[in-house]
Amino acid sequence: GAGVSQSPSNKVTEKGKDVELRCDPISGHTALYWYRQSLGQGLEFLIYFQGNSAPDKSGLPSDRFSAERTGGSVSTLTIQRTQQEDSAVYLCASSLSPGGIETQYFGPGTRLLVL
Amino acid sequence: QKEVEQDPGPLSVPEGAIVSLNCTYSNSAFQYFMWYRQYSRKGPELLMYTYSSGNKEDGRFTAQVDKSSKYISLFIRDSQPSDSATYLCATFTGGGNKLTFGTGTQLKVEL
């Protein structure tokens, strides 16, 4: 069926507000990844889910960032008290099973702008 | 210093040219090397990957890895305007799950 979908596609928010970004992975994919893409920084790994658990949260930049995954499917990335430096494209990817060699399929991303 | 370094470009070439895109990496534990293509306002898509050193060819694309010099290359033959995109190299150790990306090189193939 469909590929990885993300919503919203664009989000403009004011500094200090909380935002929620959603990722709907490919059906049947057990592994889900969040990355952040900033200008000049490339893609930075944020967090990885295997099923509903997150064995690797090493890329989350601060405790303002959190993520959860329910039902082994949809994931939500939450940024609390947004700062201007949080402005970036947030990309979600899923793969059939964990392990980078398994192709990660990316969604189109959510473009976040914090004013 | 970033673990994977990549010249951001932009790189502009005429249609039909051979394009060479390159990355260097610092972590000798990296074993898998990938190239992703990203069109404007889209997510990256995997072009090809190689394991350890050597070459891999897929149509007009050839990926090359030299582990002794920690150098990764992607060659595009007979480049087309549709190849205009950002190309990202990525690596991972083989035992983990997260990819480490370069910053991406923006390529424009002009008519």
- request: Answer with yes or no whether the side chains of A/Ser95 and A/Tyr33 bring together a donor and an acceptor at under 3.5 Å.
  value: yes

- line: When the 4.5 angstrom heavy-atom criterion is applied to A/Tyr105 and chain B, the contacting part is neither

query: Can you say whether the rings of A/Tyr35 and A/Phe45 are parallel (under 30°), tilted (30 to 60°) or perpendicular (over 60°)?
result: perpendicular

query: Which salt bridge (charged side-chain N to carboxylate O under 4.0 Å, His left out) pairs, counting each pair once, include a residue from residues 72-82 of chain B, with sequence neighbours left out?
result: B/Glu57-B/Arg77

message: Between B/Asp58 and B/Lys56, does any side-chain N to carboxylate O distance fall below 4.0 Å?
response: no

query: Taking B/Gln6, B/Lys2, B/Arg41, B/Glu45 one by one, which has the highest count of heavy-atom pairs under 4.5 Å against chain A?
result: B/Arg41

task: Not counting sequence neighbours, which residues clear ring-ring contact (aromatic ring centres under 6.0 Å, His included) with A/Phe49? List them please.
output: none

- prompt: Residues in side-chain contact (heavy atoms from CB on, under 4.5 Å) with A/Lys57, at least two apart?
  reply: A/Ile47, A/Ala54, A/Leu60

query: Measuring heavy-atom distances to chain B, does A/Ser38 have an atom under 4.5 Å in its side chain, in its backbone, in both, or in neither?
result: neither

Side chain / backbone / both / neither for A/Gln6 at chain B, heavy atoms under 4.5 Å: neither

- request: Under 4.5 Å, counting heavy-atom pairs only, tell me which of B/Thr103, B/Thr91, B/Thr86 racks up the most with chain A.
  value: B/Thr103

query: Counting a contact as any heavy-atom pair under 4.5 Å apart, which residues of residues 79-93 of chain A contact chain B?
result: A/Leu91

- request: Before giving the answer on side chain to side chain contact (heavy atoms under 4.5 Å, CB included), spell out for B/Asn55 and B/Phe75 the whole-Å C-alpha distance, their side-chain angles and the decisive distance to 0.1 Å.
  value: CA-CA 10 Å; B/Asn55 292 2; B/Phe75 299 97; over 6 Å; no

- request: Using a cut-off of 6.0 Å, state whether more than 12 heavy atoms not belonging to A/Leu115 lie near its atom CG.
  value: yes

message: Under 4.5 Å from any heavy atom of chain A, what part of B/Pro44 do you find: side chain, backbone, both or neither?
response: both

task: Assign the ring pair A/Phe106 / B/Phe101 to parallel, tilted or perpendicular, where the plane angle (0 to 90°) is split at 30° and 60°.
output: perpendicular

